[in-house]
Protein chains: 2
Amino acid sequence: MRRKTLHKRALTVESGEAGSKGEQTRSLILETALKMFGERGYEETTMRAIAEMAGVAPGATYYHFRSKEHLIQAYYERMHEIHAESCAEVLKKERALKDRLLGVMGQILKDMAPYHQFAGVLFKTAADPQSPLNPFSPESEPARRASIELFADVVRGAKAKIPPDLGAELPALLWLYHMGVVLFWIHDDSSGQHRTRRLMEHTVEIVVRLIQLASLSPMRPLRKTVLKMLADLRE
Amino acid sequence: MRRKTLHKRALTVESGEAGSKGEQTRSLILETALKMFGERGYEETTMRAIAEMAGVAPGATYYHFRSKEHLIQAYYERMHEIHAESCAEVLKKERALKDRLLGVMGQILKDMAPYHQFAGVLFKTAADPQSPLNPFSPESEPARRASIELFADVVRGAKAKIPPDLGAELPALLWLYHMGVVLFWIHDDSSGQHRTRRLMEHTVEIVVRLIQLASLSPMRPLRKTVLKMLADLRE
DNA sequence: TCGGATAATTGAACGTGTTCAAATTTTTCT
DNA sequence: AGAAAAATTTGAACACGTTCAATTATCCGA
């Protein structure tokens, strides 16, 4: 609600950009919050404490961020930018489908590592079907689309022979697979999440072999059945 | 903490059973809470309101239930009992693997239908890796085990030819599949969740065909790879 | 049946995330 | 530069889930 005003201002006149006073406090609050979450954990960090440390009244935080959970969304967005960048490197180097997928998944796990502690909280929020942070929600469609695009890149640049019908759905399917791995990662408290790494390496191998298998002509009927279902669900 | 006393009492002496005063208020609070959740939703139902409607002080609720979320766990347990019962019927009738799986999944969806509204809240809580309600947590291992046992029953009673190595892991895999369908169901706000029904019917078909496929001898290497991974992850 | 022990219940109080009307600062326009 | 408008900031207050010391009801053995 309040933010709407901010948006309008940013559209009608220029200002509201990085330099302006408001945007300055916004960053200050955000950086403070992220730092404190990192040091003491999410639940243990009070909105009052964040405000105090940022030298600001509690209410100010709510002017810039809709809720405490929305502060966490900042992590999310930051993480996404990092992914896109670090994966681009990998995709420039590798040509085999398996290596591309392995590289991308490896990068994603590496990028996420520092945030493992908050992932639980983020996930708890994101799991709520009502939440805009939910990866399946309409609000996060742009982010989801971008994320799927990353896997489209993985497929596109690979020199594997994939039937067009499968190729069209593959990015979304790989994204779903990637969500599964992340789900495992969130619950993985082995040191350095090495269990997730093992799972990922094994499953990438399996996924690639399944793709090869599905591309064979005797598999056409089953493949068509699966693709029909996906099309059907999309309405 | 407080509950420990209750448990000890229930073990050392008898009493604390259905008749006793304490157990009476416990049910009263629980029934009131479930009814109010049903009428107004979870977030909108206040602990104070529950207590007041039950004719009890707010503190009393916390003597019998550790938290508001633990009141929801009651739904969970209740649902599980219903599943076990209604699925038993289906499993007595059907012999083909596909029909057994279809029947069980259908029953589960039917049983859950009245609770669709709260499923989101339950899921939000259950998604927290810290939560005892999390289906992957140690605390819910008994429930998980029982649930997997249901799918073991599905496999056991079927007259499909399944290699022993796959047969051993299949119940857990089917349980995982079932969790996926439930995840979809939670996010499904189509009328009567008919999209989930469609998804379920299609995917059961696919799952069964995959099982048949995996049982073929040319698939032995891939099958072994998958099963190795599962064994590996179990430590 | 009585009295001690245990279980159950109370309700005020705490700390939390959050809201909001009022005050203040910043920006915009003439 | 100055005044009007808009954005920002304040901090007291609210409602909530929850805790806990004190109180009352219930149970059980002698």
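All chains are named by letter (A, B, ...) in the order of the sequence lines, taking the proteins before the strands, and each is independently numbered beginning at 1.
- For A:His64, the side-chain atoms get nearest to D:dT9 when compared with the rest of C:dA8, D:dT9, C:dT10.
- As rounded to whole Å, 11 Å separates atom P of D:dC16 from atom CD of B:Glu52.
- You'll find that the side chain of A:Thr25 is closest to D:dT9, out of C:dT9, D:dT18, D:dT9.
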Please list, for nucleotides 13-17 of chain C, all pairs of protein and nucleotide N/O atoms separated by less than 3.5 Å.
unit_1	atom_1	unit_2	atom_2	d
C:dT16	OP1	A:Thr46	OG1	3.3
C:dG17	OP1	A:Lys68	NZ	2.8
C:dG17	OP2	A:Met47	N	3.1
C:dG17	N7	A:Arg48	NH1	2.8
C:dG17	O6	A:Arg48	NH2	2.7

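- Scanning all heavy atoms of the two residues, the minimum distance from A:Thr45 to A:Lys68 falls at O-NZ, 2.8 Å.
- Comment: B:Arg26 engages B:Glu23 in a salt bridge, judged by a side-chain N to carboxylate O separation of less than 4.0 angstrom.
- Place A:Gly59 and B:Ile29 on DNA chain C by their nearest nucleotides, and B:Ile29 ends up nearer the 5' end.
- The number of heavy-atom neighbours closer than 6.0 Å to CZ of B:Arg156, taken from other residues, nucleotides and ligands shown, is above 12.
- Rounded to an integer number of Å, the gap from CD of A:Gln24 to C1' of C:dT25 is 13 Å.
- A salt bridge links A:Glu201 to A:Arg197: at least one charged side-chain nitrogen sits closer than 4.0 Å to a carboxylate oxygen.
- Comparing C:dT10, D:dA7, C:dA7 by their nearest atom to the side chain of B:Ala57 picks out C:dT10.
- Taking atom CG of residue B:Leu71 and atom C1' of nucleotide D:dT18, one finds them 13 Å apart after rounding to whole Å.
- In this structure, B:Arg26 places its CZ atom 19 Å from C1' of D:dT26, rounding to the nearest Å.
- A close approach under 4.0 Å does occur between a side-chain nitrogen or oxygen of A:Tyr63 and OP1 or OP2 of D:dT8.
- B:Leu28 has its side chain out of reach of B:Val56: every pair of non-hydrogen atoms, C-beta onward, lies at least 4.5 Å apart.
- When each of B:Val181, B:Val182, B:Ile186 is checked for a side-chain contact (heavy atoms from CB on, under 4.5 Å) with B:Thr196, only B:Val181 meets the rule.
- Atom CD1 of B:Ile72 is separated from atom P of D:dG17 by 12 Å (rounded to the nearest Å).
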